[in-house]
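The structure appears right after this line, and notes come after that.
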Amino acid sequence: MPPTLRRWLPLIIIATGAVLGLVLLRDRLSFESLAANHDALLAYRAANPLLTPALFIAAYVVVVAFSIPGAIWVTLTGGFLFGVFPGVLYNVSGATLGALLLFLAVRAGFGERLRARIDATDGAVRRLSDGIRANEVPVLLSMRLIPAVPFFVANLIPAFLGVAVWRFVWTTLLGILPGALVYTWVGAGLGEVFARGETPDLGVIFEPYILGPLLGLAALSLLPVVLKKLRRA
């Protein structure tokens, strides 16, 4: 296989999967689909208690790896099917593995070349890149903890900057855990929501009593950066 094709192949697969997922799954990853199939999902889980978690995690990996819109509904489904615990473990595992696959694909295709180009420049992009690299762990954690940063963006930036795989994995897992816990908790209460014919409040993560602690954690993760700048000053 030519080196150019080998470098682009992971990205071609990701892009193809993303388009197919958007076309085939956009109507299935929704509240309406979950509400219409919740009885069937519960029946399948009862009949296949060991297989269901494995299939669920695999499905989550696919959704995240191909950046298919609707990951939040997968998270809610995890809470609905498995409860807060172990549902949050399944959600975090699937999201982290999916993020890792996307990270590796992008890094294989663009990572080294893009990083070399950035290092060869002497402008704002280079200074921003150097700043992030000098504070990788705080920046990676804060990107995961702040709900305003899209999940796929937080997967791409580390790949472009050549972040170490192990550091990407553990900061992803730790950083998404608080938000995943919130939405898993919401999902665990969907049985009552379905019974009342209502729609879950997905804006709950932006409520002050939840958003405040998340932003506090994000600020805490950036504290080493602030202290480092103060010491230099």
Side-chain angles (χ1 to χ4, degrees), residues 53-54 56-68 70-79 81-107 111 128-129 131-188 202 204-229:
F56 173 80
I57 293 174
Y60 208 140
V61 170
V62 169
V63 169
V64 173
F66 293 115
S67 299
I68 300 172
I72 188 172
W73 297 109
V74 183
T75 306
L76 292 174
T77 302
L81 286 176
F82 309 110
V84 177
F85 186 86
V88 67
L89 298 182
Y90 298 154
N91 283 331
V92 170
S93 297
T96 302
L97 290 173
L100 175 61
L101 290 180
L102 179 59
F103 168 83
L104 292 175
V106 173
R107 195 174 73 160
L128 176 62
S129 173
I132 293 176
R133 290 174 188 168
N135 303 281
E136 275 189 358
V137 170
V139 171
L140 292 175
L141 285 175
S142 64
M143 284 195 302
R144 298 299 188 185
L145 288 166
I146 299 174
V149 179
F151 191 64
F152 77 95
V153 172
N155 295 333
L156 297 181
I157 292 177
F160 292 150
L161 297 180
V163 171
V165 174
W166 67 270
R167 187 172 292 128
F168 174 83
V169 171
W170 79 258
T171 55
T172 297
L173 192 151
L174 184 62
I176 67 175
L177 183 58
L181 180 59
V182 172
Y183 282 120
T184 304
W185 207 311
V186 174
L202 300 184
V204 65
I205 200 168
F206 294 104
E207 292 293 333
Y209 63 90
I210 291 179
L211 182 59
L214 289 180
L215 293 179
L217 288 173
L220 186 62
S221 70
L222 290 173
L223 183 60
V225 180
V226 176
L227 293 177
K228 185 184 296 185
K229 288 185 178 297

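Here, residue 1 is the first one in the sequence, and each next residue gets the next number. None of these values were measured; they are calculated from a predicted model. The basis for the numbers below is simple: all heavy atoms, side chains too, and nothing from hydrogens, waters or symmetry mates.
Annotation: side chain to side chain donor-acceptor pair (under 3.5 Å) contacts of T96 (sequence neighbours excluded): none. Every residue two or more places apart in sequence or in another chain that forms a side-chain contact (heavy atoms from CB on, under 4.5 Å) with T184 is listed here: T75, V88, N91. Residues meeting the side chain to side chain donor-acceptor pair (under 3.5 Å) test with Y90, sequence neighbours left out: none.
The minimum heavy-atom distance linking A99 with V64 is given by the pair N-CG1, 3.4 Å. A pairwise comparison of heavy atoms in G78 and F56 identifies CA-CZ, 3.3 Å as the closest pair. Shown here for L102 and S67, the closest heavy-atom pair between the two residues is CD2-OG, 3.5 Å.
Note: L89 CG to L181 CG = 10.0 Å, rounded to the nearest 0.5 Å. The CG atom of L76 sits 11.0 Å away from the CG atom of L81 when rounded to the nearest 0.5 Å. The CG atom of L140 lies 11.5 Å from the CG atom of L174; values are rounded to the nearest 0.5 Å. For the atom pair CG (L145) and CD1 (I176), the distance works out to 10.5 Å, reported to the nearest 0.5 Å.
Sequence neighbours left out, the pairs with a member in residues 148-161 that pass side-chain hydrogen bond (donor to acceptor under 3.5 Å, both in side chains) are R144-N155. Applying the salt bridge (charged side-chain N to carboxylate O under 4.0 Å, His left out) rule to pairs touching residues 172-181 yields nothing, sequence neighbours excluded.
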Extract all donor-acceptor atom pairs below 3.5 Å that involve side chains of residues 157-171 and protein atoms in other chains or at least two apart in sequence.
| from | atom 1 | to | atom 2 | distance (Å) |
| --- | --- | --- | --- | --- |
| R167 | NH1 | E136 | OE1 | 2.6 |
| T171 | OG1 | R167 | O | 2.7 |
| T171 | OG1 | F168 | O | 3.2 |

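Looking at L177 and L173, their side chains never come closer than 4.5 Å, going by heavy atoms from C-beta outward.
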